[in-house]
Protein chains: 2
Amino acid sequence: MKIFDTRTRQGEICNAAVELFYQKGYHATGMRELSTLLGMTAANLYNFFPSKEELLYHVLEHVITVFIDNVRSVIDLNADPVTQLTAAITANIRFHGENQKEALVSDSELRGLQGEMLQRVLEYRDKFEYEFRGILERGIQAGCFAPVNPKLTAIAILTMCTQVAYWYRPQGVWTLEDIAENYCNFVMIGLRPL
Amino acid sequence: MKIFDTRTRQGEICNAAVELFYQKGYHATGMRELSTLLGMTAANLYNFFPSKEELLYHVLEHVITVFIDNVRSVIDLNADPVTQLTAAITANIRFHGENQKEALVSDSELRGLQGEMLQRVLEYRDKFEYEFRGILERGIQAGCFAPVNPKLTAIAILTMCTQVAYWYRPQGVWTLEDIAENYCNFVMIGLRPL
DNA sequence: GTCTATACTGAGATAGAC
DNA sequence: GTCTATCTCAGTATAGAC
């Protein structure tokens with residue numbers, strides 16, 4: 001399932017942009033090049049997005065909100081912390097493996113944004129990190145997890161998941177399920193209370 | 001201790017390049033801009049490096065070799081796997097925290113390279129990953145570690161360390177020693193044989 | 001929504017004097 | 001090693017017709 005709606009011209013532009021940003025990076029990608037890939041003129045792109053940076057913003061904003069909704073939707077608020085953490089890690093890895101290019105771009109091209117557009121994306125990210133950390137904190141409180149530092153550990157775990165977008169190969173030896181299972185085991189054992 | 005020799009003009013150029021690549025990215029940095037920062041003309045840069053890409057290559061190659069030597073030097077070949085892994089993780093995190101900009105650039109600007117220059121840097125990286133994985137494999141063999149998948153786990157651990165360059169703040173709450181200790185604990189418990 | 005045409009700027013890079 | 005001057009090309013973006 002594609003993240004951007006391929007039935008609209010805007011969605012097509014975003015998908016093509018992701019493809020090029022993924023291959024060469026945001027700054028190395030030209031509007032001319034993007035328009036060629038889409039079979040249209042560069043000028044026409046400006047009928048959809050007022051600037052290249054706004055295009056990037058639209059892409060990043062959309063990817064991160066879909067990602068967050070995605071992870072939130074698998075977390076049962078009534079479940080115990082171990083179940084919640086397992087679900088969060090699994091969904092996180094799956095997203096970064098199934099939407100590899102989108103995820104990688106949204107992770108690596110943040111620096112292409114400035115000012116308010118940057119702030120808005122950062123808010124999403126911080127909010128998500130906060131929610132994720134909450135699972136760890138409640139687990140520690142409840143005695144399901146060892147009393148680790150929640151913030152550091154949250155970063156460590158999220159980092160591991162995010163990076164899957166960089167090295168995962170769909171044709172490779174491991175499926176996303178393998179990776180998720182492996183990482184969940186690693187984390188759960190690492191968090192086991194003594 | 002700076003990675004590039006500040007007594008040579010080449011070293012100065014590399015340090016300035018790292019600074020700008022860190023702030024804005026490789027593609028967003030202009031040769032004019034770089035030369036201004038150095039107090040020279042853009043034309044003069046070409047007396048040191050034949051192209052912008054060669055400059056990037058020189059930076060990345062130097063950073064990765066210093067990094068690898070750095071980690072290798074702390075690993076006692078006669079020590080047990082747990083000691084070796086602890087030393088490797090600690091040195092890794094220290095390098096990425098103490099040479100934050102250099103490490104971040106060398107991690108994120110690889111895509112700026114093409115062809116043979118890219119291949120050469122990738123070889124360094126693969127070789128290092130191979131050596132690191134060896135520690136895990138010997139530890140599993142010896143029964144010090146649980147029988148995890150060595151390749152996946154090596155990636156997970158290295159990723160956690162590398163990413164320190166992205167979020168660590170020298171003025172922050174945690175020292176690099178705190179982070180290293182925390183991560184080592186997390187990993188060692190996660191690898192504890194049942 | 002899409003085009004042609006083009007303005008304007010800055011990029012990387014080179015030649016050749018000093 | 002450093003400069004001035006300059007080439008060439010590609011970048012983002014706009015105006016205005018259809």
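Protein chains get the first letters and strands the later ones, always in sequence-line order, with residue 1 at the start of each. Nothing here was measured: the structure is a model prediction, and the numbers come from that model.
- As rounded to whole Å, 9 Å separates atom C1' of C:dG1 from atom CE of A:M40.
- Within the 4.0 angstrom heavy-atom criterion, only backbone atoms of the sugar-phosphate kind lie near B:T29; the bases stay farther away.
- Counted by atom type alone, B:Y124 and B:E61 present one or more donor-acceptor pairs between their side chains at under 3.5 Å.
- Spacing between atom CG of B:L45 and atom C1' of C:dT14 amounts to 14 Å, rounded to whole angstrom units.
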Next on the checklist: So if I define the base as every atom that isn't primed, P, OP1 or OP2, how would nucleotides 13-18 of chain D read as a B/S/- string at a heavy-atom cutoff under 4.0 Å?
Outcome noted: BBB---
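- Residues satisfying the salt bridge (Lys or Arg N to Asp or Glu O under 4.0 Å) test with B:R120, not counting sequence neighbours, are B:E116.
- In this structure, CZ of B:F49 is placed 16 Å from C1' of C:dA13, rounded to the nearest angstrom.
- Applying the side chain to side chain donor-acceptor pair (under 3.5 Å) test to every pair with at least one member in residues 65-89 of chain B, sequence neighbours left out, gives these pairs: B:R72-B:E131, B:D80-B:T83, B:Q84-B:R138.
- Proximity of the aromatic rings of A:H62 and A:F4 is defined here by a centroid distance below 6.0 angstrom, and this criterion is met.
- Sorted by residue number, the list of members of residues 8-25 of chain B with any non-hydrogen atom under 4.0 Å from DNA chain C is empty.
- Judged as a side-chain hydrogen bond (donor to acceptor under 3.5 Å, both in side chains), and not counting sequence neighbours, the contacts of B:E177 are B:R94.
- Regarding A:Y26, its OH atom lies at a distance of 10 Å from the C1' atom of D:dT12, rounded to whole Å.
- Here the shortest heavy-atom pairing between A:A146 and A:I140 reads O-CG1, 3.5 Å.
- Scored by the side-chain hydrogen bond (donor to acceptor under 3.5 Å, both in side chains) test, B:Q163 finds no partners at all (sequence neighbours excluded).
- The aromatic rings of A:F21 and A:Y26 sit perpendicular, their planes meeting at an angle over 60°, well past the 30° parallel limit.
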